[in-house]
Student: 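Mind having a look at this structure? Questions to follow.
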2 protein chains.
Amino acid sequence: MVAERVRLIDVAREAGTSVSTVSRALNGSDLISPEVVAHVRAVAGELGYRADKRAQEFKLGRPLTVGVTVPDLTNPFFSEVLKGLAASARAGGYRLLIGESGEDPAEELRLVEELVDHSGALVLCSSRLTRSGLEKALALPVPVVCINRTVKNAGAVAIDYRAASRLLLEHLTGLGHRRVLYVGGPATSWSDGERRRTLRRTARSLDVTLDEMDGGWAGNHGYDAGPTVLSSRATAVITFNDLVGVGLLSWMHDNDVDVPAELSVASYDDIPIAAYARPPLTSLRNERARLGELAWEQLATRLAGNDWPRPDLLTPELVVRASTGPARRRARIRTS
Amino acid sequence: MVAERVRLIDVAREAGTSVSTVSRALNGSDLISPEVVAHVRAVAGELGYRADKRAQEFKLGRPLTVGVTVPDLTNPFFSEVLKGLAASARAGGYRLLIGESGEDPAEELRLVEELVDHSGALVLCSSRLTRSGLEKALALPVPVVCINRTVKNAGAVAIDYRAASRLLLEHLTGLGHRRVLYVGGPATSWSDGERRRTLRRTARSLDVTLDEMDGGWAGNHGYDAGPTVLSSRATAVITFNDLVGVGLLSWMHDNDVDVPAELSVASYDDIPIAAYARPPLTSLRNERARLGELAWEQLATRLAGNDWPRPDLLTPELVVRASTGPARRRARIRTS
DNA sequence: GTGCAGAGTGCAAACGATTGCAACCGATCG
DNA sequence: CGATCGGTTGCAATCGTTTGCACTCTGCAC
């Protein structure tokens with residue numbers, strides 16, 4: 001079934017004209033007679049001509065492809081960012097070359113180096129790159145946008161974690177919680193750092209005691225954190241993301257801990273599954289697809305030859321569900 | 001920060017040799033002296049030369065890119081297929097150009113036509129194309145592999161739904177269920193058709209009454225199906241996929257229906273969240289990443305000039321969790 | 001009838017890399 | 001000492017497309 005490619009020259013021969021004429025006819029140049037255009041178009045259609053985009057991009061010198069890296073394709077947060085980015089880029093005539101780093105900084109750097117050879121621009125989504133790796137990436141001869149990682153001399157789109165953390169903590173203090181535990185994410189994650197930083201700062205200003213522990217990004221990290229969480233003195237827990245949150249809820253369920261009566265759980269991201277957890281998880285909704293769209297807008301501005309726009313900050317919205325409730329009055333009696 | 005590209009000729013000039021020599025040195029040809037290779041490599045490194053892959057692919061004439069379509073990037077099933085595919089393709093020196101059709105056959109066709117111009121091969125993941133659309137795609141001048149949709153004259157990798165449906169139904173009949181309701185997926189989905197077909201056939205052989213209703217692919221579709229499911233006479237439900245299953249469980253929880261005492265729920269796919277639903281969802285585990293890998297293997301065989309290998313069929317494995325249990329003895333008393 | 005404008009067309013040179021072929025080198029052999 | 005040979009290197013063609021420029025041709029004005 002694999003047919004031979006039809007080239008411009010084949011169309012020209014068949015139409016009895018030159019390649020330049022065919023090219024112009026197909027690309028809609030104005031200095032060419034309408035009849036010829038019609039004829040060439042007809043012949044091209046008949047022969048099933050499709051321009052060799054590789055030759056085209058090569059000749060034109062400007063790649064119509066955007067390279068994107070994400071830490072983990074299976075994380076709904078990233079999928080949705082990609083969704084928004086893909087749609088916008090496509091509307092702008094660009095395509096997406098997607099690479100997954102597997103949460104590994106070294107692998108991400110390799111990926112970046114490879115993608116850049118094929119792309120006219122890069123989008124690093126929640127980059128796990130080290131400081132020096134990031135500098136290397138920014139020194140590449142293409143524009144780079146970072147999603148969820150602010151950086152100089154590049155495009156930047158991020159979630160406003162300062163506002164996010166404030167929303168979460170104010171909600172919890174409003175319910176009477178004075179001691180909160182944060183179950184962290186991957187150490188290489190910039191956004192985990194931001195969550196911690198802003199939580200600490202806000203906790204101080206709200207007179208809340210903030211404990212922290214290390215965690216991860218997936219359901220099992222939350223499940224495994226169960227015992228430690230239960231033995232802590234906190235009455236409320238904030239998890240790095242919903243996957244971790246749902247995993248934690250699941251452990252609590254298996255161990256007969258009543259959420260939210262005994263412990264409140266809240267999280268970042270509000271992925272669809274958060275609403276279907278039992279109890280449904282209180283979480284911070286962010287417009288992830290919008291994040292991708294904004295990244296594209298920044299890139300488009302830059303590709304048009306302008307300077308980088310100011311970083312975009314997206315303010316999340318707290319979705320209160322049944323996993324958070326009033327703080328229990330007395331210290332927990334049960335032991336793990 | 002956007003530097004000027006260094007070309008082969010720049011390296012040649014700097015190294016005091018010709019472009020051919022540089023090319024050969026960099027590509028490891030054997031008819032060139034080791035000292036020159038070392039020197040050229042050094043100069044290239046110094047200048048920060050990176051080959052223009054567009055020019056390279058153009059010249060070599062064989063695209064090193066695989067175009068992939070998926071109905072929905074945010075569905076974990078597809079993300080994991082992509083993960084496996086991306087890893088294998090990358091190992092084989094190929095990159096992935098990914099497009100999302102949004103579950104829309106017309107959009108998928110547009111996507112395919114666009115991707116093919118940039119790719120040397122196509123992978124259609126759970127294609128929603130119409131019969132004629134699919135024929136159009138297969139007529140394109142590149143090899144095509146279909147994941148989860150069998151087709152002639154193309155590569156094919158799919159899940160063995162016959163075995164899958166049998167595992168599910170045998171599990172349920174083993175628990176005493178004689179009447180089962182299937183909550184279906186998108187009408188455009190080939191795999192929904194397969195699930196229905198094999199369920200019907202197996203139900204007949206096991207003497208089980210199978211009811212069917214239309215559903216969808218996401219959590220809300222399952223949640224919305226709640227009332228209809230409850231009012232049916234079935235003692236067990238099989239849902240199109242886990243997202244639908246989790247949504248349904250969630251409705252049951254909200255409406256105080258005890259799963260599995262009053263109703264058993266089982267599903268296809270076993271995405272990670274299935275284990276964290278309450279009750280954890282009985283589901284059919286399939287090696288999704290393997291699906292992607294096998295698709296690549298088929299493609300690699302074909303790209304190497306051989307015929308298409310036989311279609312690969314992946315047999316799933318039933319993971320029994322707490323959402324399925326013995327059928328209740330008496331008819332349901334409660335009304336919706 | 002010659003000149004000239006302007007529209008329409010074709011020729012040929014790019015883009016950056018790879019690669020067949022010819023040219024060159026010093027050394028070895030007859 | 002010249003021919004030959006193996007090992008290196010450079011020249012130039014090539015991939016499919018776009019596009020600047022030169023050219024042809026028609027029609028109109030003088």
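In what follows, chains carry the letters A, B, and so on, assigned in the order in which the sequence lines appear, proteins first and then strands, with residues in each chain numbered from 1.
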Student: Please say which of B:Glu108, B:Glu103, B:Glu100 ends up in a salt bridge (charged side-chain N to carboxylate O under 4.0 Å, His left out) with B:Arg128.
Tutor: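 With B:Arg128 as partner, salt bridge (charged side-chain N to carboxylate O under 4.0 Å, His left out) holds for just one option, B:Glu103.
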Student: So which nucleotide from D:dT8, D:dT17, C:dT9 ends up closest to the side chain of B:Ser33?
Tutor: D:dT8
Student: Rounded to the nearest angstrom, tell me the gap between atom CD1 in B:Ile9 and atom P in C:dA14.
Tutor: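 In whole Å, C:dA14 P lies 12 Å from B:Ile9 CD1.
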Student: I would like to know whether B:Arg54 and A:His118 meet side-chain hydrogen bond (donor to acceptor under 3.5 Å, both in side chains); could you show each step before the answer?
Tutor: CA-CA 7 Å; B:Arg54 250 170 317 280; A:His118 298 267; over 6 Å; no
Student: In terms of side-chain heavy atoms of B:Arg7, which of D:dT19, C:dA17, C:dT9 is nearest?
Tutor: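 Selected nucleotide (nearest to the side chain): C:dA17.
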Student: Please walk me through it: do A:Ser23 and A:Ser20 pass side-chain hydrogen bond (donor to acceptor under 3.5 Å, both in side chains)?
Tutor: CA-CA 5 Å; A:Ser23 170; A:Ser20 359; over 6 Å; no
Student: Expressed in angstrom and rounded to an integer, what is the separation of B:Asn27 atom CG from C:dT19 atom C1'?
Tutor: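 My rounded result for the distance is 11 Å.
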Student: Confirm from the modelled atom types if A:Lys59 and D:dT19 form a donor-acceptor pair under 3.5 Å, side chain to base only.
Tutor: no
Student: Between C:dT9 atom P and A:Glu35 atom CD, what is the distance in whole Å?
Tutor: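 Rounded to whole Å, this separation is 8 Å.
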Student: Is the number of heavy atoms from other residues, nucleotides or ligands within 6.0 Å of CD (A:Glu114) greater than 12?
Tutor: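 It does: A:Glu114 CD has more than 12 such atoms within range.
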Student: For D:dT9 and B:Ser20 - does any side-chain N or O of the residue sit under 4.0 Å from the phosphate oxygens OP1/OP2?
Tutor: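 No, outside the criterion.
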Student: So with a 6.0 Å cut-off around CD1 of A:Ile9, is the heavy-atom count from everything else above 12?
Tutor: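 Result for CD1/A:Ile9: open.
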Student: To the nearest Å, give me how far apart CG (A:Leu26) and P (D:dT18) are.
Tutor: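 In whole Å, D:dT18 P lies 8 Å from A:Leu26 CG.
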Student: Report the distance from atom CD1 of B:Ile32 to atom P of D:dT8, rounded to the nearest whole Å.
Tutor: 9 Å
Student: Please determine if a side-chain N or O atom of B:Gln56 lies less than 4.0 Å away from the OP1 or OP2 oxygen of C:dG16.
Tutor: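 Negative; the distance criterion is not met.
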Student: Report yes or no: is there a donor-acceptor pair, N or O only, under 3.5 Å between the side chain of A:Arg24 and the base of C:dG10?
Tutor: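 Indeed there is one.
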Student: Using only heavy-atom distances, decide whether a donor-acceptor pair under 3.5 angstrom links the side-chain of A:Ser18 to the base of C:dC11.
Tutor: no
Student: From NZ of B:Lys53 over to C1' of C:dC15, roughly how many Å is that when rounded to an integer?
Tutor: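 To the nearest whole Å, that distance equals 18 Å.
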Student: Can you see if the side chain of A:Thr21 gets near the phosphate of C:dT9 - specifically, an N or O under 4.0 Å from OP1 or OP2?
Tutor: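 Indeed not, no polar side-chain atom of A:Thr21 lies that close.
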Student: Nearest whole Å is fine: how far is C:dA17 P from B:Asp52 CG?
Tutor: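 These atoms are roughly 6 Å apart.
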Student: Would you tell me if any nitrogen or oxygen in the side chain of A:Tyr49 comes within less than 4.0 Å of OP1 or OP2 on D:dG16?
Tutor: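 No.
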Student: With the six-membered base ring of D:dT17 as reference, does the ring of A:Phe58 sit under 5.5 Å away with planes under 30° apart?
Tutor: no
Student: Figure out the CG/P separation between A:Leu47 and D:dG16, and round it to whole Å.
Tutor: 15 Å
